[in-house]
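I have placed the structure first, in the form of structure tokens, so that the comments after it can refer back to it.
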Amino acid sequence: MSSLKEVCSGLPLDPLPPNRGRDPNVPHAPTRSPNLTAEEERLALRNALRYFPPALHVTLAPEFAQELRQHGHIYMYRFCPTLRMRAYPIDQYPCRTCQAASIMLMIMNNLDPAVAQFPQELVTYGGNGQVFSNWAQFRLVMHYLSEMTEEQTLVMYSGHPMGLFPSLPSSPRAIITNGMVIPNYSSRAQYEKMFALGVSMYGQMTAGSYCYIGPQGIVHGTMLTVLNAGRRYLGSDDLRGRVFLTSGLGGMSGAQAKAAVIAGCVGVIAEVDEAPLRKRHEQGWLMEVTSSMDQCIKRIREAKSSKTPLSLGYHGNIVDLWERLVLEYDRTGDLLVDLGSDQTSLHNPYNGGYYPVQLSFRQANQLMSTDPTRFKTMVQESLRRHVKAINKLADAGMFFWDYGNAFLLEAQRAGAAVEKDGGGATEFRYPSYVQHIMGDIFSLGFGPFRWVCTSGDPQDLAVTDDIAATVLEKICTEATDCIRQQYNDNIRWIREAGKHKMVVGSQARILYSDQKGRVCIALAINQAIADGRVSAPVVLSRDHHDVSGTDSPFRETSNVYDGSAFCADMAVQNFVGDAFRGATWVALHNGGGVGWGEVMNGGFGLLLDGTEEAAKRASLMLNWDVSNGVARRCWSGNSNAYETIQRTMETNRQLRVTMPFPVQDEHVLDRALQG
């Protein structure tokens, strides 16, 4: 078993570690289909060998070539450490600066088998959300971080460590970019080639920025979505006996089961892959599992009747389940589902993100590599059936929304009936959850704020939970009614978080907070570190899926209607602004959530160590990190954002935002255009 010191010592070359191949005890990524030419295969191999002295090429070249042909990518399994991947306490990392150690901790958490979807392929979540492209990169990054001083910055090009470059103590310790491809070449087909060549990488959101905290990171947002969907569609805060049907129990979608129970409803989640289903059940996130359709329908009826909260995992295809519910409705008149959505990884529809109903799981994995064209045809046929069943139940009174996974976008491309009469470029028959639910929350400045206690001590997490709840309870007394409801939802969440046992991997917590809440929580935690009430530094972060972090016309910015939904200035400005306002590391990604070429998004990590400097950085950076997006949403015409940024300017006289004047008389436009 290797040690942290050995993992941080660089590439082991003399002697080479034994090639143990793939571990059969962990899940593995589907075979990729980059369709490389003979010359491109040669280039991929040459690129991979760049990390090693020529004397080793004769040994490594054949095994790398085999990986490329067998798996569609060169992962360099030989260099996967035997050390158990997890977030070790920060003081155990061999390094010169605590800032570097915090990055190391977060990287190893992203690759923890309890957290990562395909740990040996360096995939954290979403089927293809990479931390690095290969294990040589991991080893080099850990080595650079162990040697880094506070006058150096690690520069990361799509998983590749370009090196340590001189910088200021106030500069970020790492600058990460993933998938920064010239726009005209940012297609899925080009991506598959570039990833196989080792020159670009899909970092999803928090995979490639080292800020994933396990499915807890999305539990809270999913709970808020379901709660607010109940308020909007069902007219009630009480979801007992209401059935929420969806699919996916993987990295992000695994949160749905836990979120449904916390919200008080009956959550039924279909999953074709037994491994994540079993994993969520063993973790206690999923209460029951069945592979029997009849048993599934029976339990839905029982839980609906008894109004008992339940998370039920159905081992099978979601399309079969939707179609069976249509059959139940046609036979009995019983509408057994109230709310519906989908979290299959449709940002990656033809490489394991979506499994067509016509094939078994095993058959699909085989066909996607042996006959990609036929597989694509079957996926699109399955999507049409999927939508047809949803449409039938929606016509009967079920409410469905797109969860920002490109479900409606890919369904439209497949020819399914999802068009909205008179709809704009980002509108479909069903709304995205941002358009109807979370968009207004973002415009109030609320979004997924999170922190990680680097001691690894659950007691530190309990202390920070109490600090956050106390801060929000104090702020809540002065809030408007609209904002107070959001605070109350989050106070309830944080007060109950411990009993729901949501920690997977690092000792982390997430809650939705606005600008004032984030800054006040950060400063209070920093003071607790200074006072010794929290025993070690704390890393602040957030999901990229936030107020300012992501430009995504079919998700985060789908409720922006001034024509700028397809513009990415906000995400890029956020990345740059966080970098020079105090972030410890920053990341900017192409893709994430909806998929490659569809999104620009960024994130950050900021280390709190109890110093006045950390407090100054947190205040300056967190204020910008929220105000940027609220200002953009205000300019696009959102009334919530207008009021929010007005209040923010009143409390901070240094903030001056250009405010829009609305057109009050539409006839002015009519007359001008008719002339």
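All values below were derived from every heavy atom in this structure, side-chain atoms included, with hydrogens, water molecules and symmetry-related copies excluded.
Residue His160 forms a ring pair (Phe, Tyr, Trp, His ring centres under 6.0 Å) with just one option from Tyr51, Phe132, Tyr144, and that option is Tyr51. With respect to Ser247, the side chain to side chain donor-acceptor pair (under 3.5 Å) criterion is satisfied by exactly one of Thr344, Asn317, Asp342: Asp342.
With sequence neighbours excluded, no residue forms a side-chain hydrogen bond (donor to acceptor under 3.5 Å, both in side chains) with Asp402. Under the rule for a side-chain hydrogen bond (donor to acceptor under 3.5 Å, both in side chains), Asn47 has no partner lying at least two apart in sequence or in another chain. Contacts of Ser171 classified as side-chain hydrogen bond (donor to acceptor under 3.5 Å, both in side chains), with partners at least two apart in sequence or in another chain: none. Take Asp440 and apply the side-chain hydrogen bond (donor to acceptor under 3.5 Å, both in side chains) test, not counting sequence neighbours, and it matches no residue.
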Going by atom type alone, with no hydrogens or angles, which donor-acceptor pairs under 3.5 Å involve a side-chain atom of residues 576-587 and a protein atom two or more places apart or on another chain?
unit_1	atom_1	unit_2	atom_2	d
Asp578	OD1	Trp624	NE1	3.4
Arg581	NH1	Gly577	O	3.3
Thr584	OG1	Leu607	N	2.9
Trp585	NE1	Ser209	O	2.9

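When ring centroids are compared, Tyr191 and Trp596 come within the 6.0 Å threshold. Taking the centre of each ring, His73 and Phe195 come in below the 6.0 Å mark.
Salt bridge status for Lys376 with Asp371: absent, with no side-chain N to carboxylate O gap under 4.0 Å. Using a cutoff of 4.0 Å between basic side-chain nitrogens and carboxylate oxygens, Arg362 and Asp273 are not scored as salt-bridged. Looking at Glu419 and Arg429, no side-chain N of the basic residue comes within less than 4.0 Å of a carboxylate O on the acidic one, giving no salt bridge.
Counted within 6.0 Å of CZ on Phe566, heavy atoms from surrounding residues, nucleotides or ligands total more than 12; the atom is thus considered enclosed. Heavy atoms of other residues, nucleotides or ligands lying less than 6.0 angstrom from CD of Gln358 number more than 12. More than 12 heavy atoms of other residues, nucleotides or ligands lie within 6.0 Å of OH in Tyr561, so this atom counts as buried by the packing criterion.
Atom OG of Ser548 and atom CG of Asn601 lie 12.5 Å apart (nearest 0.5 Å).
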Exercise. Please walk me through it: do His544 and His589 pass side chain to side chain contact (heavy atoms under 4.5 Å, CB included)?
Worked result: CA-CA 10 Å; His544 298 199; His589 298 181; 3.8 Å; yes

Problem set entry | Residues Phe375, Tyr355; criterion ring pair (Phe, Tyr, Trp, His ring centres under 6.0 Å); working and verdict | CA-CA 9 Å; Phe375 183 76; Tyr355 284 80; 7.1 Å; no

For this session: Decide ring pair (Phe, Tyr, Trp, His ring centres under 6.0 Å) for Phe400 and Phe407; before the verdict, give the C-alpha distance in whole Å, the side-chain angles of both, and the deciding distance to 0.1 Å.
Result: CA-CA 12 Å; Phe400 184 89; Phe407 175 75; 5.7 Å; yes

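Nearest approach of Asn110 to Ala207, heavy atoms of both residues: ND2-O, 2.9 Å.
Residues Asn623 and Gln515 have side chains that bring a donor and an acceptor to within less than 3.5 angstrom of each other. Side chain to side chain, Thr557 and Asp551 fail the donor-acceptor criterion of an N or O pair below 3.5 Å. Side chains of Arg632 and Ser564: a donor on one and an acceptor on the other come within 3.5 Å.
Among residues at least two apart or in separate chains, salt bridge (charged side-chain N to carboxylate O under 4.0 Å, His left out) pairs with a member in residues 408-418 are Arg188-Glu410, Glu410-Arg413, Arg413-Glu598.
Aromatic ring pairs are classed by plane angle as parallel below 30°, tilted from 30° to 60° and perpendicular above 60°; the pair His71 and Tyr77 is perpendicular.
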